[in-house]
Undergrad: 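Take this structure first; my questions come after.
In what follows, chains carry the letters A, B, and so on, assigned in the order in which the sequence lines appear, proteins first and then strands, with residues in each chain numbered from 1.
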Amino acid sequence: MKVLGIETSCDETGLALYDTEQGLLAHVLHSQVATHESYGGVVPEIASRDHIRKWVGLTRECAARADMKIKHIDAVAYTAGPGLAGALFSGAVAGRTLAWTLGIPAIGVHHMEAHLLAPMLEPESPDFPFICLLVSGGHTQLVRVDGLGQYLLLGDTLDDAAGEAFDKTAKMLGLGYPGGPRLAKAAESGDAQKFVFARPMTNRPGLDFSFSGLKTAAITAFNSAHRDSAVINDIAAGFQASVVETLCIKCRRALQQENLRNLVVAGGVASNTRLRAALQQTVDDVDGELFCPRLEFCTDNGAMIALAGALRLQAGESSNTEIVIRPRWPLSEMQPPQRASGASGMR
Amino acid sequence: MALLSNGKTASGYTVEPRMHARKLLPMLDELLAEAGLLPTQIDGVAFARGPGAFTGVRIATAAAQAIALAADIPVMPVSTLAAIAARAMREGGHEKVAVAIDARMNEVYWGAYQQSAEGIQLLGEERVCPAEQVATLDSSWVAAGTGWATYGEQLQAVSGAQLVELTDPFPHALDVLAIGTLMYANGNGVSAEHAAPVYLRNNVAKTEAERGVARAR
């Protein structure tokens, strides 16, 4: 089954073709980072406009790279949530209508489930059960994964997501947008020992996170220091070290608590090289194994949507022709695949 | 929704705010089933390309693009203002229609359309502006569109167009279809990737520079 995946939940337009027999056939991505840079963050209306402008050309390009015709697609998977409503509508209406026209099934995919399954795009993929650290601009969650749609939320952030804290801190340090990668880059030139921040919520039991106070601590340090670029780099390094170590402590705790060995890390922040290295050390210490998708599949992309959709479609699930998006959609509400009743999934 | 098949026109129409995405495909299914057609048997797809509510315009655009991409057919983007004018012409027998859609933020989407031998024709250009800045016309023009309910006095004072009893200020797919069919016949369809919304309001956010945000470097 050849599945077209469409990702438009935020500021990346991602298209991919995934074959349940052959694996990933092709994927293309248009990032809007440059568009939103001058605004200092994602402008939802501008993001939605860009998706509409780009998705058709990207779909053609993706099909061409996979050396196949649009009419030979067997199913369509599109991100139905969570995400920005206008952006989600663009891809959901496009994807569902494309499937309807071709008379093939379609499925609305949960964006975070797709992130969580993204390591399965790699040759070395983990078996269930495993612990997943979902870490992005909107999420910081530790999830026990026992199978497709079987997710137990072990820990969550009480305030800012890790990526959000990166972005906000970067903004206040004057590093601009996108904050995460820029702060990480500044940190590489800094000394993490100059400003040592607390590791929030690690001195008490539990798997929840809180990054808001850390962000404030970094800003306070910045405001009371002599503001040159060396200081900014040192604060960035100290901040990043705190986030990375905090995430590692909680991951280790989660593996031990659930008595599991396999750790998956996914989401945009999973592309942070310091975090990847530190998590590798963490799992090595407990004789476990780390699975993280290649960098391009950590950030938003169409390949993970095609894969997640393909897994559910294969299990008989599909979405009917009433197009529904869910801008807010807790991962904990996901269920194992439900077989579609009658032919409503087709058209 | 409207469908022209074998010279016969069928249409479905419902006013249900925020339900476009849910209703779209089931309504199309009904229309096609009545005509005994499959989606891949459609020859061309016309859609209201705006101006109008941004998300609504995008839902229509994405659907038209998807049908065109899948069925490998041309798309005819039709102005919402032209469609409203055509409806007033069709239902009220008018020849010159000044259309104003309430664009919120104290502005209207404006377009003046008249009948001609080649079909419906735009006078000047479509624009988004305060009611006080619409075009000056005369009393041979009649008013249509939601903007007249909100800014009737100002619009009338500036444009000189006449307020007449119109049944409905919204566009109807029958008129989108009629204009689109003519475009198709004239070879004015475009490929799916060139089927673009027309928002008119293009300045939707302020950049950091415009907001005066300082950058350290």
Undergrad: Please find the pair of heavy atoms, one from B:Thr55 and one from A:Phe89, that lie closest to each other, and give the distance.
TA: CG2-CD1, 3.6 Å
Undergrad: What part of B:Leu24 is in contact with chain A, defined as an atom under 4.5 angstrom from a non-hydrogen atom: side chain, backbone, both or neither?
TA: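 Side chain of B:Leu24 only, per the 4.5 Å heavy-atom cut-off to chain A.
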Undergrad: Tell me whether the count of non-hydrogen atoms from other residues, nucleotides or ligands lying under 6.0 Å of CZ in B:Arg211 goes above 12.
TA: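 Yes, enclosed.
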Undergrad: Compare every heavy atom of A:Val56 with every heavy atom of B:Ala192, then report the nearest pair and how far apart it is.
TA: CB-CG1, 3.7 Å
Undergrad: Do other residues, nucleotides or ligands put more than 12 heavy atoms under 6.0 Å from B:Glu153 CD?
TA: no
Undergrad: Take atom CG in A:Asn223; do more than 12 heavy atoms of anything else shown fall under 6.0 Å from it?
TA: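 Above 12, so yes.
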Undergrad: How far does CG of A:Leu102 sit from CG of B:Leu38, to the nearest 0.5 angstrom?
TA: 11.5 Å
Undergrad: Between A:Gly86, A:Ser48, A:Gly91, A:Ala85, which shows the greatest number of heavy-atom pairs under 4.5 Å with chain B?
TA: A:Ser48
Undergrad: Measure distances from A:Arg49 to the heavy atoms of chain B and classify the residue's part below 4.5 Å as side chain, backbone, both or neither.
TA: both
Undergrad: Measuring heavy-atom distances to chain B, does A:Ile70 have an atom under 4.5 Å in its side chain, in its backbone, in both, or in neither?
TA: side chain
Undergrad: If you count every heavy atom of other residues, nucleotides or ligands that lies below 6.0 Å from A:Glu333 atom CD, does the total exceed 12?
TA: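 Counting neighbours around CD of A:Glu333, more than 12 heavy atoms of other residues, nucleotides or ligands fall under 6.0 Å, so yes.
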Undergrad: What are the two closest heavy atoms between A:Arg60 and B:Ser191, and how far apart are they?
TA: NH2-CB, 4.4 Å
Undergrad: Considering only heavy atoms from C-beta outward, does the side chain of B:Arg58 approach that of A:Glu45 to under 4.5 Å?
TA: yes
Undergrad: If you measure from OG1 on A:Thr97 to CD1 on B:Ile67, what distance do you get to the nearest 0.5 Å?
TA: 6.0 Å
Undergrad: How many angstroms lie between CH2 in A:Trp55 and CD in B:Gln65, if you round to the nearest 0.5 Å?
TA: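 Atom-to-atom, A:Trp55:CH2 and B:Gln65:CD are 6.0 Å apart.
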Undergrad: Within this structure, what is the NZ-CG distance for the pair A:Lys71 and B:Asp72, rounded to the nearest 0.5 Å?
TA: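 So the NZ of A:Lys71 and the CG of B:Asp72 are separated by 8.0 Å.
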Undergrad: Indicate the atoms forming the closest heavy-atom contact of B:Ala62 with A:Ser90, along with that distance.
TA: CB-O, 3.8 Å
Undergrad: Using a 6.0 Å cut-off, check whether atom CG of A:Asp228 has over 12 heavy atoms from anything other than its own residue.
TA: yes
Undergrad: Kindly compute the distance separating CG (A:Leu98) from CG (B:Leu69), expressed to the nearest 0.5 Å.
TA: 5.5 Å
Undergrad: Calculate, to the nearest 0.5 Å, the distance between atoms CG and OG1 belonging to B:Leu28 and A:Thr321 respectively.
TA: 9.5 Å
Undergrad: Check A:Val93 against B:Ala63 and note the closest heavy-atom contact, atom names and distance.
TA: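 Shortest heavy-atom contact: CG1-N, 3.7 Å.
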Undergrad: Between B:Lys206 and chain A, which part of the residue has a heavy atom less than 4.5 Å away: side chain, backbone, both or neither?
TA: backbone
Undergrad: Give me the atom names and distance for the closest heavy-atom approach of A:Glu322 to B:Pro26.
TA: CG-CG, 4.0 Å
